[in-house]
Amino acid sequence: MHRKGIILRYRDLLPAVPEECVVTLLEGNTPLVPAQNLARSIAPGTEIYLKCEGLNPTGSFKDRGMTMAVSVAKAEGADSVICASTGNTSASAAAYAARAGMKAFVLIPEGKIAHGKLSQAMIHGAQVIQILGNFDDALGLVREISEKYPVTLVNSVNPYRIEGQKTAAFEVCDALGDAPDCHVLPVGNAGNITAYWAGYKAYHAAGRSKRLPRMLGWQAEGAAPIVRGHPIRKPETVATAIRIGNPASWKQAEAARDESGGLIRMVSDAEILEAYKLIAESEGIFCEPASAASVAGVIKLGKESFFRKGERIVCTLTGHGLKDPDNAIAQSDDPVTIPSDMAEALKILGF
Ligand SMILES: *Cc1c(COP(=O)(O)O)cnc(C)c1O
């Protein structure tokens, strides 16, 4: 399909943006890859599909919301944007602001952001500010700054972010011909589960799909405020993109869970990393650790015989593995080093 970016592709279902204000990097239209090897090993009898959001322009789903938020900011005459970020929001804000000719300010938790993401914010010319605190602290700061000073907040508390992110649900319905039985995704600040559910409902209401999925959200054990029922002061997890202790869209995520007959549960870092390697080794798809929380959740539910035969399960892989190469290397065996010699090479290769 001809690529237009999500605003023009789904303009009948999104808030209006004057065409000359559309700031796009042709995001969206990401592949929905059937994962038969994974289905066979973790939930036999089901169909699993991976929505590969790492193939967006800056390598995560954040681009869907950012094209909307930055386009609307441009239409309103803004000249700068600000966000708090565990990494991917800052990468996306920096890129879309660069394209719009705006300044981007990003606040990140010091030392806890994957290198790929930091490098993106830096190369696109954002002003990067590390704070001695976590994501929740950073979000508190930028919310207050944007209320008092002339700068547009582009975190998912900006309603246009959620509007743009709905389009991933539209694409899933377009690709499958209807909504799946289950939609599985990691939950951090909880904007994405909110957006997918709103998207599925909007498509259904528009008569473009016939059914609604159960929403299955997964938090990391060390950062699972929704599961535990209270904010987590010091969230910790290897999955830095969901290292959030007090999600902005907490209530909306619970509504998505309850209205859809779904669930929000948690997986351990060990389970996340096991799924991370399994996706890479069995399907050839490299996602970042937070993304693998979705598949870790399917593994857990598979063991509990949660799924029925023939069910279609879509897992969102939220971001690209190249964002966080340090984790991939840490999870793998070191390369062996040998002299440049045929006999040595053959010995290692086992021929
Ligand atoms: C932002 C992000 C998440 C979490 O999404 P929320 O909308 O904050 O719940 C998960 N994975 C990746 C890769 C992300 O960038």
Side-chain angles (χ1 to χ4, degrees), residues 27 30 50-56 58-66 69 83-93 106 108-109 112-114 116-118 120-121 134-136 138-139 154-159 161-166 168-169 183-199 215-220 223-227 235 237-254 256-257 264 266-267 272 275-276 279 285-297 315-324 327:
E27 59 294 314
T30 55
L50 304 174
K51 181 67 171 159
C52 294
E53 290 290 277
L55 276 79
N56 275 299
T58 78
S60 86
F61 74 82
K62 300 296 198 299
D63 294 342
R64 295 180 185 273
M66 205 55 72
C83 64
S85 180
T86 60
N88 283 331
T89 298
S90 65
S92 187
V106 307
I108 56 172
K112 293 289 183 181
I113 156 167
K117 306 175 187 181
L118 182 59
Q120 290 177 286
N134 59 33
F135 171 85
D136 306 285
L139 184 60
V154 293
N155 279 105
S156 58
V157 292
N158 177 327
R161 279 277 311 277
I162 304 288
E163 288 294 325
Q165 287 171 209
K166 285 178 181 175
H183 194 110
V184 196
L185 72 176
V187 175
N189 213 24
N192 213 26
I193 191 169
T194 301
Y196 268 96
W197 180 238
M215 302 300 298
L216 313 179
W218 294 89
Q219 300 198 293
I226 299 176
V227 180
T237 169
V238 65
T240 51
I242 53 172
R243 186 173 167 269
I244 292 175
N246 192 9
S249 299
W250 187 322
K251 289 282 158 298
Q252 295 90 322
E254 288 182 334
R257 175 194 66 193
I264 297 178
M266 59 188 178
V267 279
I272 289 172
Y276 172 67
I279 301 161
I285 295 172
F286 186 20
C287 66
E288 62 173 284
S291 307
S294 58
V295 171
C315 296
T316 299
L317 298 184
T318 45
H320 203 289
L322 289 172
K323 296 265 191 182
D324 195 356
N327 249 309

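In each ligand, atom 1 is the first atom listed, and ligand 1 is the first ligand listed. This one's a predicted model, so the numbers in the text were calculated from it and none came from an experiment.
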Under the salt bridge (charged side-chain N to carboxylate O under 4.0 Å, His left out) rule, what do Glu27 and Lys62 come out as? Steps first, then yes or no, please. CA-CA 10 Å; Glu27 59 294 314; Lys62 300 296 198 299; over 6 Å; no
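For the ligand labelled ligand 1, residue Ser156 lies outside the 4.0 Å heavy-atom shell.
Here the straight-line distance linking atom OG1 of Thr316 with atom NE2 of His183 works out to 2.5 Å at 0.5 Å rounding.
Close approach of ligand 1 to Gly191 (heavy-atom distance below 4.0 Å) involves ligand atoms 6 (P), 7 (O), 9 (O). Within the listing of ligand 1, atoms 11 (N) sit less than 4.0 angstrom from a heavy atom of Ala290. Remark: ligand 1 atoms within the under-4.0 Å shell around heavy atoms of Ile242 are 4 (C), 10 (C). Applying the 4.0 Å criterion to heavy atoms of Gly319 picks out, from ligand 1, the atoms 13 (C). Short contacts between ligand 1 and Asn189, defined as distances under 4.0 Å to a heavy atom of the residue, involve ligand atoms 6 (P), 8 (O), 9 (O).
Neither the backbone nor the side chain of Lys323 comes within contact range of ligand 1; no heavy atom lies under 4.0 Å.
Atom 1 (C) of ligand 1 has as its closest protein heavy atom Lys62 NZ, 1.4 Å.
The pair Arg64-Glu163 does not count as a salt bridge, with every side-chain nitrogen at least 4.0 angstrom from each carboxylate oxygen.
Residues Asn246 and Pro225 form no side-chain contact, since every pair of their non-hydrogen atoms from C-beta on lies 4.5 Å or further apart.
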